Amino acid sequence: MADTVILTAAGQVGVHEGRSNGNWNNIQRYSDEVPGLEWSQGQPWCATFVSWVALRAGAASLLPCTASCTTGVGWFQDQGRFSEYPAVGAQAFYGVGGSEHTGVVERFDATFIYTVEGNTNVNGSAEGDGVYRRVRERKSARVYGYGYPKYAGGIDSADPAWPRPTPVPHPVDLEPFPGAQWFHTAPHSPIITAMGRRLVAEGVAVYTQGPGPQWTDTDRRSYAAFQVKIGYRGTDADGWPGPVSWAQLRVPKG
């Protein structure tokens with residue numbers, strides 16, 4: 001699940017907020033797409049971005065749904081899941097009491113943390129404008145700490161007091177994502193049949209017969225219904241598989 005959270009966050013790198021009168025305006029997609037946070041539109045949105053990532057990755061119960069960094073820190077602390085050490089897939093908090101900024105940790109080493117953050121920039125300005133990858137020093141006074149989502153199998157942490165993660169066994173081998181372009185070639189493959197069976201199991205299929213090995217518009221419409229089920233909205237629910245939704249569908253190997 002940590003991998004899905006990270007992949008979802010990284011997939012937004014390069015997305016920017018809107019502009020008005022020549023200035024960035026904090027108008028972005030994430031507030032409107034997180035139920036309960038619509039009110040935060042036009043305000044600083046780093047925490048809202050993490051909430052959106054959690055929702056889209058199927059991890060909404062594992063991270064706080066809030067537009068407030070302070071609330072996010074308290075949410076993890078109340079669960080006893082806050083640490084001064086980084087972890088893969090953790091939520092990083094910055095500033096006084098962790099109240100000023102937040103993002104998702106992709107990885108870390110002995111010196112740096114590597115994150116994906118919303119409402120930030122890489123030009124040194126105090127005004128954030130989009131989603132970027134950032135590299136920050138672990139010992140920086142600006143880094144307040146990290147919230148640890150309760151991922152199945154644990155979390156890969158630098159905290160010497162934190163339990164080591166354990167592998168989560170899968171009852172079946174899963175089909176790796178074949179690539180977005182592959183689906184545009186109208187493939188004929190057992191992978192399509194396996195995908196269709198999973199869509200049927202999810203209760204979103206619109207097949208009148210099948211599913212079968214040939215990719216068709218019915219597969220695309222069924223997949224679009226699955227995307228809506230897991231939180232995609234608007235043009236994001238276009239029926240074309242992507243790596244994040246594919247990971248959540250869990251298509252077994254034939």
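Just so you know, these numbers come straight off a predicted model, no measurement behind them.
Not one N or O on the side chain of Asn21 forms a donor-acceptor pair closer than 3.5 Å with the backbone of Asn23. The main-chain N or O of Arg250 is found under 3.5 Å from a side-chain atom of Arg198 such that the two form a donor-acceptor pair. A donor-acceptor pair under 3.5 Å links the side-chain atoms of Glu38 to the main chain of Gly36, judged by distance alone. Not one N or O on the side chain of Ser140 forms a donor-acceptor pair closer than 3.5 Å with the backbone of Glu137. A donor-acceptor pair is defined here as one N or O able to donate and one able to accept, closer than 3.5 Å; no such pair exists between the side chain of Arg134 and the backbone of Val122. Panel note: side chain Arg138, backbone Val143; no donor-acceptor pair is recorded below 3.5 Å. Panel note: side chain Glu84, backbone Gly145; no donor-acceptor pair is recorded below 3.5 Å. Using modelled atom types, one side-chain atom of Thr102 and one backbone atom of Ala92 make a donor-acceptor pair closer than 3.5 Å. With hydrogens and angles ignored, the 3.5 Å screen pairs a side-chain donor or acceptor of Gln41 with a backbone N or O of Gln28. For the pair Gln181 (side chain) and His184 (backbone), a donor-acceptor distance under 3.5 Å is absent.
No side-chain heavy atom of Leu7 sits less than 4.5 Å from a side-chain heavy atom of Phe177. Residues Val131 and Phe49 are in side-chain contact: their nearest non-hydrogen atoms beyond the backbone lie under 4.5 Å apart. Between Pro241 and Trp182, every side-chain heavy-atom pair lies at or beyond the 4.5 Å cut-off. Residues Ser51 and Leu63 have side chains not in contact (no heavy-atom distance under 4.5 Å, counting atoms from C-beta outward). Within the 4.5 Å cutoff, the side chain of Val116 has no heavy atoms near those of the Ile6 side chain. Put simply, the side chain of Gln91 does not reach to within 4.5 Å of the side chain of Val105, judged on heavy atoms. Within the 4.5 Å cutoff, side-chain heavy atoms of Pro178 are placed close to those of Phe183. Side-chain contact between Cys65 and Val34 is present, with heavy atoms from C-beta onward closer than 4.5 Å.
Tested against Arg220, the residues Asp217, Thr216, Thr218 include a single side-chain hydrogen bond (donor to acceptor under 3.5 Å, both in side chains) partner, Asp217. When each of Phe76, Tyr144, Tyr146 is checked for a ring pair (Phe, Tyr, Trp, His ring centres under 6.0 Å) with Phe82, only Tyr144 meets the rule.
For Asp109 against Phe112, the heavy-atom pair with the smallest separation is OD1-N, 2.6 Å. Of all heavy-atom pairs spanning Ala237 and Ala224, the tightest one is O-CB, 3.7 Å. Counting all heavy atoms, side chain and backbone alike, Leu37 lies closest to Ala67 at CD2-N, 4.0 Å. When all heavy atoms of Leu55 and Pro35 are compared, the pair lying nearest together is CD2-CD, 3.8 Å. When all heavy atoms of Ser40 and Ser31 are compared, the pair lying nearest together is OG-OG, 2.8 Å. The two residues Pro149 and Ile155 come nearest to each other via the heavy atoms CD-CD1, 4.0 Å.
Tyr232 and Tyr30 are not part of a single hydrophobic cluster, where members link through side-chain heavy atoms under 4.5 Å apart. In this structure, Ile191 is a member of the same hydrophobic cluster as Trp215, with clusters built from ILVMFWY side-chain heavy atoms closer than 4.5 Å. Cluster membership check: Trp45 shares its hydrophobic cluster with Val5, using side-chain heavy-atom separations under 4.5 Å among Ile, Leu, Val, Met, Phe, Trp and Tyr. In terms of hydrophobic clustering, with Ile, Leu, Val, Met, Phe, Trp and Tyr side chains grouped at heavy-atom distances under 4.5 Å, Val206 and Phe226 are assigned to different clusters. Tyr85 and Val135 are not part of a single hydrophobic cluster, where members link through side-chain heavy atoms under 4.5 Å apart.
For the atom pair Glu100 CD and Tyr94 OH, the distance stands at 12.0 Å (nearest 0.5 Å). Arg19 CZ to Asp129 CG: the interatomic distance, rounded to the nearest 0.5 Å, is 8.0 Å. Rounding to the nearest 0.5 angstrom, the gap separating the OG1 atom in Thr8 from the CG atom in Asp3 is 10.5 Å. Atom CD of Glu202 and atom CD1 of Ile230 lie 9.0 Å apart (nearest 0.5 Å). Rounding to the nearest 0.5 Å places CE of Met195 at 11.5 Å from CD of Glu175. The structure places CD1 of Ile113 at 10.5 Å from CZ of Phe108, a figure rounded to the nearest 0.5 Å.
Judged purely by distance below 3.5 Å, without hydrogens or angles, the side chains of Tyr223 and Ser245 pair a donor atom with an acceptor atom. Side-chain atoms of Glu33 and Trp52 form a donor-acceptor pair, as typed in the model, at a separation below 3.5 Å. Using a 3.5 Å distance cut-off with no hydrogens or angles, the side chains of Ser222 and Asp219 do not pair a donor with an acceptor. Inspection of the Glu127 and Trp24 side chains reveals no N or O donor paired with an N or O acceptor under 3.5 Å.
Ion pair Arg136/Glu117 flagged as a salt bridge, since at least one NZ, NE, NH1 or NH2 atom sits closer than 4.0 Å to an Asp/Glu carboxylate oxygen.
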- [ ] Dump the intermediate steps for side-chain contact (heavy atoms from CB on, under 4.5 Å) on Glu17 and Asn119, then the final yes or no.
- [x] CA-CA 8 Å; Glu17 62 186 53; Asn119 199 25; 3.4 Å; yes
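Cation-pi contact between Arg107 and Tyr114: present, with separation from the ring centre below 6.0 Å and deviation from the ring axis of at most 45°.
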